Each structure stands twice: as structure tokens, then as C-alpha cells.
2 protein chains.
Amino acid sequence: MNDKFVSASDVAKRAGVSRSAVSRTFTTGASVSEKTRRKVMAAAEELGYKVNLLARTLHMSRSDLVGVVGKNLSSPYISAQIDALSAALSKHDLQCILVNLAQVDGDITKSVERLLEYRVRTVVLLSGAAPDEVVRICAANGTRLVLINRTMPAAVAHADMIEADSATGGRLAARRLIQAGCQNVAVLVSASRTHAKRARAEAFIAEMDRSGVAVTQWREGPHCYETGADAARTLLARPGIDGIFAVSDELALGALNTARHELGFSVPEDLSIIGFDDAPISGWSSHDLTTVRQSLSALTEATLQAVMGPANGPSSRRSIPVKLVERGSVR
Amino acid sequence: MNDKFVSASDVAKRAGVSRSAVSRTFTTGASVSEKTRRKVMAAAEELGYKVNLLARTLHMSRSDLVGVVGKNLSSPYISAQIDALSAALSKHDLQCILVNLAQVDGDITKSVERLLEYRVRTVVLLSGAAPDEVVRICAANGTRLVLINRTMPAAVAHADMIEADSATGGRLAARRLIQAGCQNVAVLVSASRTHAKRARAEAFIAEMDRSGVAVTQWREGPHCYETGADAARTLLARPGIDGIFAVSDELALGALNTARHELGFSVPEDLSIIGFDDAPISGWSSHDLTTVRQSLSALTEATLQAVMGPANGPSSRRSIPVKLVERGSVR
DNA sequence: ATTTGGTTTGCACAGCTGTGCAATGGAGTT
DNA sequence: AACTCCATTGCACAGCTGTGCAAACCAAAT
């Protein structure tokens with residue numbers, strides 16, 4: 001219909017008022033008489049006028065744009081996280097610009113810088129998987145950061161760190177496997193050893209050490225389902241391992257399915273498995289995975305509060321409590 | 001570090017050149033001497049300057065923003081779609097603004113209008129689940145639309161429709177169940193009866209009719225995993241049903257898991273199940289679901305082409321071929 | 001040395017908005 | 001009727017960019 005976008009001046013001309021009146025009509029809390037407001041609204045409706053948020057944002061310094069950057073976006077927990085976060089942002093009138101760090105060949109730096117060029121108010125890093133480079137760029141730009149399950153590589157002025165209680169999580173998993181009578185356990189970490197993942201594994205190992213149980217570590221491969229499967233194939237090839245703790249549900253499910261359906265193990269009779277996250281599909285009856293839950297709603301709530309907070313406030317640190325969810329993958 | 005964003009004038013002052021020179025340095029294909037370019041670059045680096053894309057977009061009419069709107073964002077296929085699409089967009093220097101239609105209480109109209117206010121170049125509707133209202137708003141605004149597995153409610157000027165070959169998919173599923181010897185089958189549609197979902201079901205029913213096989217339809221509940229589970233509980237309560245076709249993998253997995261683990265059915269011995277989509281997790285050994293594949297890469301490629309196409313081009317219609325992926329859920 | 005040609009540069013404008021400031025108008029009070 | 005006061009309105013500016021146009025510059029050719 002309209003090849004060019006209609007601007008406030010067009011509406012003003014049509015309604016026979018000044019452009020200021022139009023602007024004030026669409027600005028909450030501005031002073032406009034009821035009569036002109038109606039005239040303006042009628043003209044706007046007729047012409048299909050919409051405020052140009054680019055211009056508004058340009059003028060004000062405040063932006064409604066939030067950058068959400070992550071990797072492995074279709075993994076069970078991350079996708080649930082995106083779903084919850086985008087809904088929450090929308091509810092608070094914030095727009096979500098999604099950046100996928102997946103492109104191996106493309107320059108990651110470029111994607112993040114382009115995001116910054118839109119003057120986003122905050123950048124949310126969905127998981128620890130994002131490289132340090134990303135944090136560095138945002139920090140240098142003075143953009144507020146929200147880091148989820150991640151530490152900073154260096155001192156960053158404005159950052160909110162949110163982390164599920166890794167130490168408690170690892171300890172809970174260890175105690176449960178000990179209680180199940182496991183004598184020879186493995187911990188699955190993958191090559192992507194984020195701070196949080198490492199902390200979970202270390203707490204697990206420390207607790208196992210205290211009980212004198214040997215722990216084998218799996219540190220190869222990218223952080224994905226297939227890596228969990230590969231780990232199971234290798235670790236379970238010779239008998240011995242009777243318990244597995246994976247630092248994410250994705251890894252756990254790869255191992256669980258491979259053990260059950262490919263290697264012929266009975267879970268939990270022959271082998272106990274515990275994951276971390278409590279992704280929605282972990283509760284499906286096809287998996288029935290016992291896992292350490294980091295509450296998605298608590299995580300989202302904390303993220304939102306960090307995003308809505310003052311742009312220049314000091315750095316903060318929040319911890320999300322975890323809880324062992326008992327299902328059928330542990331004896 | 002910098003409370004206010006640094007602008008091109010700041011860089012110009014620092015480098016001792018005009019603001020135009022700075023602008024040209026950051027505009028590809030503009031005429032700048034190598035000497036001034038270096039001076040500008042040095043000053044920019046020093047001050048941490050970044051082009052303000054809001055202002056650039058405001059000035060040019062061309063935008064790099066693409067609105068991606070969907071519902072049920074963490075469902076198995078949609079999340080894979082978002083992953084693939086966001087990566088592809090990023091590779092072509094396009095930014096992805098994600099809009100989640102999940103908020104039940106919030107006004108959907110508001111979210112979409114806010115999106116339009118950012119002057120996005122295109123709006124992509126991820127699935128047929130988005131209400132007609134959304135299409136109407138975009139069309140009235142003159143924004144180009146990309147509809148995935150969806151028809152338009154009325155005549156829309158600029159729209160690209162992309163649809164997996166529903167008719168063939170439904171037919172393939174029917175033939176396969178017939179070949180498996182099913183005598184009494186059900187089709188799972190849910191209450192969210194999109195055009196594409198209905199088309200799949202209708203093609204299935206038509207083909208079944210031709211062979212004289214009775215078909216029960218399930219048309220209740222929202223489109224999610226639990227609905228598939230509910231359907232299984234009800235339909236399989238009394239003996240008879242020996243084959244199920246679900247119009248999405250999500251429904252199929254709900255039914256499959258419930259039948260297997262809750263109701264004690266052997267799949268495929270007692271019951272054959274076919275889904276639609278071929279979501280990544282359908283291939284997991286815990287599910288091993290036979291399904292009609294709509295190739296994710298083909299779908300993403302088609303979406304990208306539509307997005308990259310001319311904004312004022314005529315409407316187009318693309319069909320994505322489907323293929324039956326044989327796994328272990330059909331006898 | 002002068003002309004010619006092409007490249008580089010700066011000015012000024014357009015793109016669209018929100019808002020301070022002064023002027024205007026209208027309503028209420030004495 | 002005159003005055004006071006407050007809500008409303010319009011002007012002009014700021015916010016940051018890309019680019020047409022003319023001026024300036026530089027190098028090469030005559």
C-alpha cells in the first residue's frame with residue numbers, strides 16, 4: 001500500500017496540527033488536549049502511522065533492545081531458556097535480538113559488534129559457551145552484561161553474574177550415586193570446559209574422593225548429545241563403570257540412550273546416570289532422567305531483574321539454588 | 001568507560017578531519033584516501049567508536065532487521081528451526097528480532113506492532129500457529145511477510161509462502177501404515193488446526209478411505225507433547241487402534257512415549273506410529289520414530305531466499321519436498 | 001608552466017523523533 | 001469587564017548518520 005513509511009509530519013498535515021502534537025500524542029505522559037488527540041489518532045489510523053522506534057531510540061539514550069547471544073540454540077535446556085526469556089522480555093516491553101554463535105566460519109567478533117552497533121541496552125550471554133572475546137568486546141564498549149553460568153575473563157565494570165549453585169549440584173549428584181552403591185564412576189564434561197561445568201565436575205570429584213570412589217573424567221568432544229553417546233561407547237566398552245554424572249542433561253541423555261538401546265545396559269540396574277539442568281525432555285518417560293534442577297523460572301526471573309536494573313549500577317552476583325530431582329535413572 | 005556513546009563527530013575532531021570523512025571510512029564503496037582512512041581508523045580504535053546502526057537505518061530506507069515470530073519456541077522442531085535460521089541470517093549480515101507469542105495475558109497485537117515500529121525489512125512467521133491477526137497487521141503495514149506452513153487469511157500484497165508438501169506427506173504416512181497392515185488407525189491433529197496440519201490430516205484420511213480403513217480423528221487440546229500423551233491415553237484405553245499418524249513429531253512423541261512406557265504397548269509390534277517433521281530428537285534411539293521429513297536445511301534455505309529477495313517483489317509460493325524416514329516405530 | 005583530468009574533502013541537507021521554551025488561548029475569579 | 005493562572009501548542013534544536021554537490025587538491029600530460 002504505502003511504499004514509503006508514513007511519518008509524524010504526514011499525520012500532522014492530515015490532522016491539521018503541528019508535528020509536535022503528533023509526537024506528544026504518542027508519548028505517554030505528554031500534554032495534549034483530548035480534542036487534538038482524537039484528531040491525531042483518527043489521522044494516524046487512516047494513514048497507518050506507527051512511531052519510528054529507530055528515531056525515538058536515537059533521540060533518547062534509552063533503548064528497548066536486548067541482545068541475547070548463545071550457542072547450541074536447539075539444545076534441550078537452551079531452547080527452553082530462550083522460550084522463557086523471550087516471553088518474559090516481551091512482557092516487559094523489551095525487544096530481543098538473538099545472536100547465534102554457531103557459524104564456525106563467520107567471524108564471531110563481527111556478529112557481536114554488529115549487535116553493539118544497535119545500541120542494545122544489555123547483552124545476555126545464555127551460557128558459558130560464549131568465548132571470552134565476546135565478553136571483552138561488550139565490556140570495552142561499556143555495555144552492561146548479564147552472564148549466565150559464566151565467569152568473567154577479567155575485571156568488567158558492569159556485569160551481572162547468575163550462576164546455578166554448581167558446588168551443591170555436584171555434591172548432590174555424588175552423594176546420590178554413593179547412596180546407590182556405585183563403586184566406579186565417570187564424570188562427563190566434554191572439551192568445552194566452562195567455569196560452571198568445571199565447578200560441577202570438581203565438586204562431584206571432591207565429594208567422591210571423600211568416600212574413596214575412583215572417578216574417570218571424560219573431557220573430549222564438543223558439548224552435544226553425540227559426545228555423551230561417544231563417551232558411553234568408550235567408557236562402557238570394558239566392564240567396570242557403574243555410575244555416570246554428566247554436567248548437562250544433553251550429555252546425560254546421549255550417554256543414557258546409547259547405554260540403554262545400543263549397548264544393552266539396563267538403567268538403573270547395571271548403571272546409574274545423573275544429569276544437570278532438568279530440561280523439559282529429561283522428564284519424558286522415554287528418558288526418566290534423574291537430574292540436578294536449576295529452576296528455569298528462577299533463572300529467567302533473575303535474568304530479567306538484571307536486565308531491567310540500572311544500566312550503570314555496580315556488578316552483582318546471584319546464585320540460583322539447585323535441587324536433585326529423583327527419577328528412574330538411578331538405583 | 002564511556003558513559004555517552006562516542007559519535008562520528010567525536011572521531012572526526014580527534015582525527016582532524018570532517019565528519020563526512022569518518023562516515024565514508026565506515027561506508028563500503030565510498031571514496032576516501034588511504035591516508036585519512038588510517039587516521040580515522042586510529043582515532044576510532046582509540047575512542048572505541050562504533051557506527052550507530054539506528055541512525056544509519058533511519059537515514060537509509062533499507063533495514064537489516066528481520067522479525068522472527070513464533071509460538072511454542074522450545075518445541076523440538078521449532079527450536080531447531082530457530083537455531084538454523086538465526087545462524088543463516090547472521091551469516092548474511094541480518095539481525096534477528098525474536099518475538100514470542102506465548103504470553104497469554106499480554107496483547108499479541110502489541111508485540112507485533114512494536115516489532116513493526118522498528119521498521120523490520122521482513123517478518124517471518126515460523127509456523128502456522130500465529131493467529132490471523134498477526135498477518136493482518138503486517139499486511140496493513142506493507143511489510144513483507146514470509147509464511148511458513150501457513151496460508152493467508154485474505155489477499156496480501158507481498159508474501160512468500162513456504163510449505164512442506166503436506167498432501168504427499170499425509171499420503172506417504174497412510175501408505176506406510178497400510179503396508180504395515182493397520183486396520184484401525186487414528187490421526188492426531190489437536191485443536192490448533194492450522195492449514196498445513198489440516199492438509200496433512202486430510203491427505204492421510206483420503207488415502208485411507210481409498211483403502212477402506214477407518215480413521216479416528218483427535219482434535220482436542222493445544223498443540224504440544226501432553227496433548228499427544230492425552231490422546232494416547234484415551235484412544236488406546238479400549239483395544240482396537242493399531243496405527244497412529246500425528247501431524248507433528250511433538251504430538252507423535254507424546255503418544256509414542258505414553259503408549260510404550262505408561263500403557264505397556266509394544267511399538268511397533270502392537271502399534272505403529274508415524275510423525276511429521278523429523279525433529280532432531282526423533283532420531284534418538286530412545287524414540288526411533290518413523291516420520292515424514294521436511295528437510296530443515298531446505299526450509300531454511302527457502303526462508304533465507306525469501307527474506308533476501310526484493311521487498312516489493314510479487315508474492316511467491318515455494319513447496320518443500322518431503323520424504324518418509326523409516327525408523328523403528330512402524331512394523 | 002599551464003591545462004586537464006580525476007580523486008578527495010567539506011558543507012549542507014534529509015531522515016524522524018522528543019522536548020525546552022515562549023507564546024497562545026481559554027476558563028475561572030473578583 | 002479585567003485579571004490571573006494553567007493547559008495547550010508551535011518553533012526550533014538536538015540526536016547521528018549517508019550522500020549530492022561544488023570546491024579543492026594532486027598528479028600527469030602537453
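We name chains A, B, ... by the order of the sequence lines, and we start the count at 1 in each one. From a predicted model like this one, the values you see are computed outputs, not experimental measurements.
Every residue two or more places apart in sequence or in another chain that forms a side-chain contact (heavy atoms from CB on, under 4.5 Å) with A:D160 is listed here: A:R144, A:V146, A:A306, A:S316, A:R318. The side-chain hydrogen bond (donor to acceptor under 3.5 Å, both in side chains) check on B:T122 picks up nothing, with sequence neighbours excluded. B:M308 meets the side-chain contact (heavy atoms from CB on, under 4.5 Å) test with B:H92, B:L94, B:L304; sequence neighbours excluded. By the side-chain contact (heavy atoms from CB on, under 4.5 Å) test, B:L58 pairs with A:N52, A:A55, A:L58, sequence neighbours left out. Every residue meeting the side-chain contact (heavy atoms from CB on, under 4.5 Å) condition with B:E301, not counting sequence neighbours, appears here in chain and number order: B:Q305.
Pairs passing the side-chain hydrogen bond (donor to acceptor under 3.5 Å, both in side chains) check and including a residue from residues 22-32 of chain B, sequence neighbours excluded, do not occur. For residues 25-35 of chain B, every residue pair satisfying the salt bridge (Lys or Arg N to Asp or Glu O under 4.0 Å) rule, not counting sequence neighbours, is listed here: B:E34-B:R38. Residue pairs meeting the salt bridge (Lys or Arg N to Asp or Glu O under 4.0 Å) criterion with at least one member in residues 111-123 of chain B, sequence neighbours excluded, are A:K50-B:E113, A:D93-B:R114. Pairs passing the salt bridge (Lys or Arg N to Asp or Glu O under 4.0 Å) check and including a residue from residues 6-18 of chain B, sequence neighbours excluded, read B:R14-B:E46.
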Return the polar atom pairs (N/O with N/O) between nucleotides 6-9 of chain D and the protein under 3.5 Å, or none.
{"from": "D:dT8", "atom 1": "OP2", "to": "A:S31", "atom 2": "OG", "distance (Å)": "3.3"}
{"from": "D:dT9", "atom 1": "OP1", "to": "A:S33", "atom 2": "OG", "distance (Å)": "3.1"}
{"from": "D:dT9", "atom 1": "OP1", "to": "A:T36", "atom 2": "OG1", "distance (Å)": "3.1"}
{"from": "D:dT9", "atom 1": "OP2", "to": "A:S33", "atom 2": "N", "distance (Å)": "3.2"}
{"from": "D:dT9", "atom 1": "OP2", "to": "A:T36", "atom 2": "OG1", "distance (Å)": "3.3"}

Set out, line by line, the N/O atom pairs under 3.5 Å between protein and nucleotides 13-16 of chain C.
{"from": "C:dA14", "atom 1": "N3", "to": "B:H59", "atom 2": "ND1", "distance (Å)": "3.4"}

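Comparing the local axis fitted to the first five base pairs of the helix from C:dA1-D:dT30 to C:dT30-D:dA1 with the one fitted to its last five gives a bend of 40°, rounded to 10°.
Neither OP1 nor OP2 of C:dT17 sits under 4.0 Å from any side-chain N or O of A:S23.
Residues B:Y49 and B:F26 place their aromatic rings such that the two centres sit under 6.0 Å apart.
Distance A:M60 CE to C:dT17 C1': 9 Å, rounded to the nearest Å.
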